[in-house]
Structures are given as structure tokens and as C-alpha cells.
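Down below is the structure, laid out as C-alpha cells.
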Amino acid sequence: MRTTALATVGLAAAVALTLSGCAAGGDQESGDVTITYTNFISNDGNEENLEKIVAAFEEENPDITVEVTTLPYADYGTALQTDLAAGTVADVFDIEYSNYAQYQANGVLAELPVEAPDAYRQSVLDAYQTDGVQYALPSSFSTVVLFYNRDLFDAAGLEYPTSDWTWAEEQAAAEKLTDAAAGAWGDHQPVSFYEFYKVLAQNGGEFLDKSGTKTAFNSPEGIEAAEWLVGKSGTVMPTIEAGQGTPDFDTTLFTDGKLGMLHTGIWMFGAFADVPFGWDIAVEPGNTEQASALFSNAVGVSAESDHVEAAAKFAEFLTSSEVMVEARLESGWELPATSDEAALASYLELGTPENRQAVFDSLEQVALPPVVAEGQQEMQDIMTEELVEAQSGRKSVEEALSSAEERINAAIGG
Amino acid sequence: MTALVGAAAAEIDGGSSSSATGVAPRHPSARGSRRRYALTVLAFMLPSAIPLVLFVLGPMVAAAWISLTEWNLLSPAKWVGLDNYATLLTDPATGDVFLHTVYYIVGYLPLVYVGGLAIALALNTALRGRTLLRGIYFLPVITSWIVVALVWRWLLNPSNGVVNTVLGFFGIEGPGWWSDPAWAMPSIILASAWKDLGFVMVILLAGLQAIDPGLVDAARVDGAGWWRRLFSITLPLLSPATFFVVVISLINGFQVFDQVYAMTGGGPGGATQVVVQQIYDLTFRYGKAGEASALSWLLFIVILAVTVVQIRGQRKWVNYG
């Protein structure tokens with residue numbers, strides 16, 4: 001009896017909490033509105049740049065105030081999901097390209113009428129359309145390139161990497177640069193889903209089949225690609241036991257001058273600006289073809305927002321205004337998805353790394369991450385887990401890919 | 001997760017508090033004073049009852065409802081009846097996560113009990129500086145798991161950690177610890193036992209100090225050696241404290257999470273994927289809140305069953321002197 005009564009009270013309390021959560025918000029009567037924006041893109045160094053853009057927007061729109069919340073990337077996904085579930089999500093919030101499909105399919109994104117679509121880089125803008133309707137606006141894009149330590153290449157008497165390189169040249173240079181006993185390593189490439197789908201494309205393979213709900217990576221191309229990736233471990237790249245795979249391990253190794261080549265994103269330019277050695281970048285070598293990873297962040301407006309119009313206005317300003325383009329290019333933040341080629345040209349003159357042209361060259365042949373509507377995160381986690389099994393030698397590459405194929409197909413409904 | 005501890009703890013309290021509420025008011029005939037008595041009791045219970053209802057029972061009821069739906073946290077929940085339970089009971093992963101959890105408990109419980117007992121026995125003597133030592137042993141208990149986990153990851157680093165370096169001095173090649181599926185769970189057990197030693201020590205120390213020294217002295221006069229006194233006098237009289245430690249450690253053990261999340265994240269290759277880590281992953285990584293809630297309820301039922309068996313079984317070995 002007593003437990004039943006208590007349970008009833010508990011249920012009532014839970015309902016009361018939910019209702020009070022819904023009652024908040026709504027200042028429709030006055031002309032002034034306050035909108036909220038939750039982001040991760042400015043975290044860790046670009047907070048002031050974001051402030052500059054927000055201030056410019058508020059100056060242009062005196063009746064709109066923007067409240068900004070900045071979260072670290074690692075916590076952002078969980079926080080966003082919890083807020084969406086609780087109905088406390090911000091009016092405007094950041095999303096990543098790989099999660100766009102899932103959020104769109106679940107109806108949490110409002111439709112966005114774009115006032116000036118010509119200001120955007122068309123291909124990146126199109127990536128956030130579903131059935132011809134815009135549901136998010138690209139705030140930036142970035143690519144992954146091959147970083148290299150020029151001093152180490154000079155010391156080993158090696159030619160610098162060029163855009164003509166293939167895996168074979170990278171392998172040969174990596175071997176010459178490696179002196180495991182002295183703690184010097186030739187190459188670093190994370191063993192993960194994000195690297196695998198790309199090297200697979202570099203080898204002419206496909207991750208998903210045409211239906212988009214079944215995997216296609218367990219192929220001769222896939223096995224060769226996975227072998228290329230996991231084979232670096234312990235030969236030209238430190239093993240997991242030595243710390244490989246822990247956060248910041250690879251970039252620290254590079255800034256310590258103990259790593260010849262590093263596969264990472266152009267967002268590292270700022271962090272590498274003051275290292276005491278020469279470095280540059282090149283388009284990532286491919287095997288049968290070239291393919292570079294393209295990452296993009298975007299902002300969406302909550303379908304539940306009370307101020308969709310004001311929020312959409314801010315979203316467009318945040319992703320296409322001249323103030324934003326200037327702030328991003330000047331600070332070496334990720335690239336704005338702008339159609340203004342003249343502005344982008346100034347980016348080439350900003351100094352280290354010298355070969356900034358490689359960033360634009362890498363855009364010519366990009367590989368977008370495979371996207372599914374259900375089970376995206378599970379697919380990514382399983383792929384990484386199975387590749388690490390192969391990396392550590394507990395499974396052969398063939399076993400790991402077969403197991404990944406079976407588990408991922410179950411997770412994505414194929 | 002905390003909800004489950006609270007509820008299970010409430011279950012234990014319920015067992016013992018029935019005798020407390022059973023105490024009759026002084027003047028059972030006076031109806032007004034009885035009502036006042038009831039109100040007084042209620043007023044005293046309120047401060048703990050309100051948070052219990054809001055943060056333990058409320059979420060438990062909500063989880064029971066969520067467990068009957070398919071909910072990805074984004075779209076409205078869909079009613080699926082007992083489908084989530086059926087999925088869990090046929091999924092081999094469920095057996096695996098319970099197995100890993102039991103493995104953890106079987107390794108952790110004896111280690112933390114024997115270690116805690118040894119320290120409690122040592123600190124129950126006239127040792128110099130024992131107050132300071134008691135404080136030091138308790139320090140890990142109040143330290144954040146994230147800090148402890150990072151330190152232990154570093155201590156147990158396979159290639160340049162302190163532990164393997166020291167083992168190297170003796171010509172022993174240390175294992176891969178958290179990077180090796182066979183050694184990852186032992187690594188977590190080791191770190192957990194180290195952190196909780198202080199807690200077990202404090203409870204057992206309190207139990208030891210409640211033992212009449214006259215009984216131990218009498219046994220000594222009768223010629224009982226140290227081990228004999230330990231097994232025939234101390235341990236039987238310590239059994240209520242031991243019972244408390246075992247019950248609490250088992251409940252906490254089934255809900256092991258922080259250290260797993262921070263040290264291995266369930267890896268390598270899923271070797272340390274325990275029940276609560278699975279609940280977390282299902283909800284926050286894979287958007288399967290319904291399945292996760294069903295798994296929380298399965299875990300609750302298992303903990304409840306184990307605890308009830310222990311409370312029933314205590315008559316056979318717990319000595320309330």
C-alpha cells in the first residue's frame with residue numbers, strides 16, 4: 001500500500017517537473033526578443049571572435065539580444081541531446097554534418113528560409129538540404145591534410161611531400177624517418193572510423209552500398225585500406241601501449257619534434273604556429289585515387305523555438321556575414337563557407353604553413369563521411385572498435401572487417 | 001544509478017526501521033497525542049522523504065514507463081510494451097555486461113574487505129600517528145574518481161608506468177594492464193579496491209572499537225593465539241559491520257561505472273563493458289533510452305534479489321551479540 005502511494009506521489013512530482021519546464025519562455029508582447037545560442041565551435045580559443053560576430057549582429061538588430069553558451073566539444077553532443085529531450089534546447093545550436101541527417105529526420109530542426117543563398121559556397125550549403133528544403137546553415141568547413149616536419153625531412157635527406165604522392169611514397173618516407181629506439185616516429189594517422197572511410201575512398205572502395213542501409217566495406221579494397229591504416233602501428237607509428245590513441249598524443253608528439261608526418265585537420269594551424277621547427281602541409285596521399293576528409297559544422301534553429309524568425313536571422317548572419325568571414329580568416333579559425341573567393345584568397349597570404357593552397361586543392365576531391373538516419377554513432381563506434389582489435393593484433397584485418405560488417409548491418413537495419 | 005542505490009538502501013533501512021516505527025506512543029489511548037506523534041514523525045521524515053520522492057522514486061517510475069517505449073530522446077516516445085525487455089533478454093551483449101560486472105565484484109569484494117580489515121586491525125592498536133594514518137587511508141574515498149582514474153592509468157601505463165617500471169627492476173615483464181583485454185578488469189579492480197579501502201576500514205574500525213576488550217583479554221589468558229582470537233572472537237563480533245560492508249559493496253559493485261568510464265570506457269574490445277556503462281552508452285551514445293531504462297530495471301531487480309537473499313541469510317552468520 002505504502003509503496004503504491006509513494007509511487008503515485010513520485011509520478012505526480014515527475015509530471016509537475018516536466019510541466020514547469022514547459023511553462024518557461026515567451027516574451028512575445030514587447031518588440032525586443034532574446035534568443036539563445038549554444039555552441040562548441042568557439043570553445044578553446046575563438047570565444048572572442050564569436051563575441052565580435054554577435055556584437056555586430058546586435059548592432060545591426062537592436063531589438064534582438066543573443067545569449068551565448070559555449071561548451072567543450074567533448075560534452076556538447078550529450079548536452080544537446082539532453083536539452084532536446086528535456087525541451088530546454090537553445091533557439092540556435094551547433095550541429096556537425098555527420099549528425100545532421102539524424103536531427104533532421106527526428107524533426108528537431110526548423111525550416112530556414114535563406115535570404116541571400118548566393119553568399120554561401122553552394123556545395124556546402126546544399127549538404128544541409130533535405131528534399132530541397134534548407135534545415136541548417138554551414139558555419140564552417142575544414143579538411144584533413146598531411147602535416148610534415150620540414151627539419152626532420154631535411155635531416156633525413158628526403159624530398160618534401162607533394163600532391164603527387166601516393167601511399168607508397170608516404171610509406172617509404174615514414175620508414176626512413178622512424179627510429180623507434182630514439183623515440184622518433186615517421187607517421188601518425190588515427191585508427192578510427194573517420195580515417196577508415198577516407199582511406200577506403202582513397203583505395204576506390206565504398207563504405208555503404210547503394211541502398212545506404214548495408215555496408216560495402218568488407219571488400220578487397222576495404223581489406224587493403226584497413227591494412228594500410230593498422231599496419232602503421234608499431235612500425236612507423238607508436239603502439240596503443242605507448243599511448244597512441246589518447247587525446248592530444250599525436251599533436252604533442254608533433255610539436256615535440258618527434259614526428260615526421262601527421263594526418264590531422266587544418267584547425268591545428270593556430271596550435272602549431274609557434275613550434276621551433278619548420279613545417280608545412282600537403283594534400284593527403286591517396287592510393288588509386290585522391291580523397292580528402294571534409295568536415296563541416298552548421299547551425300540549426302530549434303523547431304520548438306518561440307522566436308524562429310529572429311533565430312533564423314541570427315543563424316544567417318552568423319554563417320554568412322562579412323564580419324564573420326573576416327574574423328574567421330584573420331584568426332585562422334576553420335574556413336567560412338563563403339562564396340567570396342577574393343576574401344578566401346587573402347587566406348593564402350597568411351604565412352605558416354606556406355602551402356595553404358593545399359587546403360583548396362584538397363577540396364577538389366573530397367570524401368564525405370557515410371551517413372545513416374539510425375545508428376550513426378553505433379556504426380562509428382563499432383568500426384573504430386574493430387579496427388583497434390586489428391591494430392592490437394587480437395584479430396586479423398579480415399576477421400575485424402567481417403565482424404564489423406555483421407555488427408554494423410545489425411545496428412543500421414541493413 | 002544513484003536512484004538505484006537509494007532505493008536499495010531504503011530497502012535495507014526498511015528492514016531495520018520497522019522496529020523503530022513500531023515503538024508505541026506513551027499514551028496510546030489519547031487520540032490527539034497520537035496524531036501529534038504521527039505528525040512529529042512525519043515532520044522529521046520530510047527532509048529526507050522529499051528528495052527521495054523527487055530524485056529516487058520519481059525517476060524510477062519514469063524509467064519504468066520509458067522502458068516500455070522506444071525513445072531516442074529526440075522524437076516522441078513510441079509505446080512498444082515489453083519489446084525492450086525481450087530484446088535485452090535475447091541479446092548476448094546483456095549476458096556479457098552482467099558477466100563483466102560479476103567478474104568485477106568477485107575480484108573487488110574480497111580484495112577490499114581483506115585489505116580494509118588488515119588496515120583496521122593495524123590501526124586499532126596503540127600505533128603512533130594512527131589518527132593521521134586513518135585520515136590518509138580515507139583520503140582516496142573522498143577524491144574524485146576522475147582524478148583517481150587518471151592517476152591509475154598513469155601508474156599502470158604498460159610501457160612507462162611506475163608499476164611496470166618497478167616490476168622491471170625485478171626482471172618481471174609487466175602486463176599490458178588497461179590496454180590488454182585480459183588485464184583491463186584486474187586494473188579496474190585494483191584501482192577500485194585501493195580507493196574504497198578507507199571506507200571499509202572506517203566501518204570495520206568502528207565495529208572493532210565496539211568489541212569489549214575484556215573478551216579478547218579473557219581469550220588471551222586462556223591461551224588463545226592471535227589467529228585464534230581473530231577467528232573465534234574478533235570476526236564473529238565484527239559480523240554486523242562485515243554484513244553492512246558486504247551489502248553496501250555489492251550494491252555499489254553492481255553499479256560500478258565512474259572508474260570504468262574514466263579508465264577504459266568499456267574497452268579494450270568491450271572487455272570491461274559493465275551494466276551501467278552499457279546503460280550510459282545506450283542512452284547517450286546510441287539514443288536507445290527505452291532499452292537503457294529496461295536494463296536499469298533489470299539491474300535493479302538483480303540488486304534487489306541479491307540484497308534480499310543477503311538479508312534473509314544474515315541470521316545464519318551475523319552475530320548481534
Side-chain angles (χ1 to χ4, degrees), chain A residues 2-3 5-18 77-86 89 99 102-109 238-246 303 374-382 384-386 388-392 394-395 400 403 407 410-411, chain B residues 3 7 10-11 14 21 49-66 70-77 91 93 150 153-154 157-161 164 174-182 265-271 273 280-289:
Chain A
R2 204 177 55 173
T3 36
L6 280 176
T8 316
V9 176
L11 189 63
V15 170
L17 280 178
T18 320
T78 312
L80 177 61
Q81 248 187 351
T82 314
D83 276 337
L84 284 167
V89 75
N99 295 326
Q102 195 190 346
Y103 286 130
Q104 196 281 326
N106 279 289
V108 302
L109 300 171
T239 58
I240 299 174
E241 286 79 9
Q244 194 274 333
T246 49
E374 285 295 328
Q376 179 77 22
Q377 189 65 50
E378 247 176 314
M379 171 177 85
Q380 297 180 190
D381 283 3
I382 293 169
T384 299
E385 190 184 308
E386 293 290 350
V388 168
E389 287 295 285
Q391 179 190 10
S392 59
R394 292 191 289 269
K395 282 184 185 168
S403 168
R407 292 174 62 197
Chain B
E11 187 65 31
T21 47
I50 290 174
L52 194 72
V53 168
L54 281 182
F55 299 114
V56 179
L57 288 171
M60 279 182 74
V61 173
W65 181 76
I66 295 169
E70 188 185 312
W71 186 35
N72 64 7
L73 300 179
L74 304 175
S75 294
D91 185 354
L150 287 176
R153 258 187 84 94
W154 173 72
N157 186 301
S159 53
N160 47 25
N164 277 3
W177 297 115
W178 41 258
S179 70
D180 181 340
Q273 188 75 7
Y280 175 87
D281 284 348
L282 283 172
T283 313
F284 293 109
R285 290 188 77 80
Y286 307 142
K288 295 181 178 174

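Below, chain A is the first sequence line, B the second, and so on; all start at residue 1.
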Would you name the heavy atoms of B/Pro268 and A/Arg394 that are closest together and state the gap between them? CB-NH2, 3.4 Å

Between [atom1] of [X] and [atom2] of [Y], what distance do you get to the nearest 0.5 Å?
X	Y	atom1	atom2	answer
B/Asp180	A/Glu241	CG	CD	8.0 Å
A/Gln377	B/Lys288	CD	NZ	12.0 Å
B/Leu74	A/Gln104	CG	CD	12.0 Å

At a heavy-atom distance under 4.5 Å, which candidate from B/Trp65, B/Tyr286, B/Phe284 has the highest pair count against chain A? B/Tyr286

Do you know which of B/Gly287, B/Pro181, B/Gly270, B/Gly267 has the most heavy-atom pairs with chain A at a distance under 4.5 angstrom? B/Pro181

Let me know if [X] has heavy atoms under 4.5 Å from chain B in its side chain, its backbone, both or neither.
X	value
A/Thr239	neither
A/Glu374	side chain
A/Glu389	side chain
A/Val388	neither

Under 4.5 Å heavy-atom distance to chain A, tell me which part of B/Trp177 shows up: side chain, backbone, both or neither. neither

Chain A contact via B/Asn157 - side chain, backbone, both or neither, heavy atoms under 4.5 Å: side chain

Does the side chain of B/Thr283 come within less than 4.5 Å of A/Gln81's, by heavy atoms? no

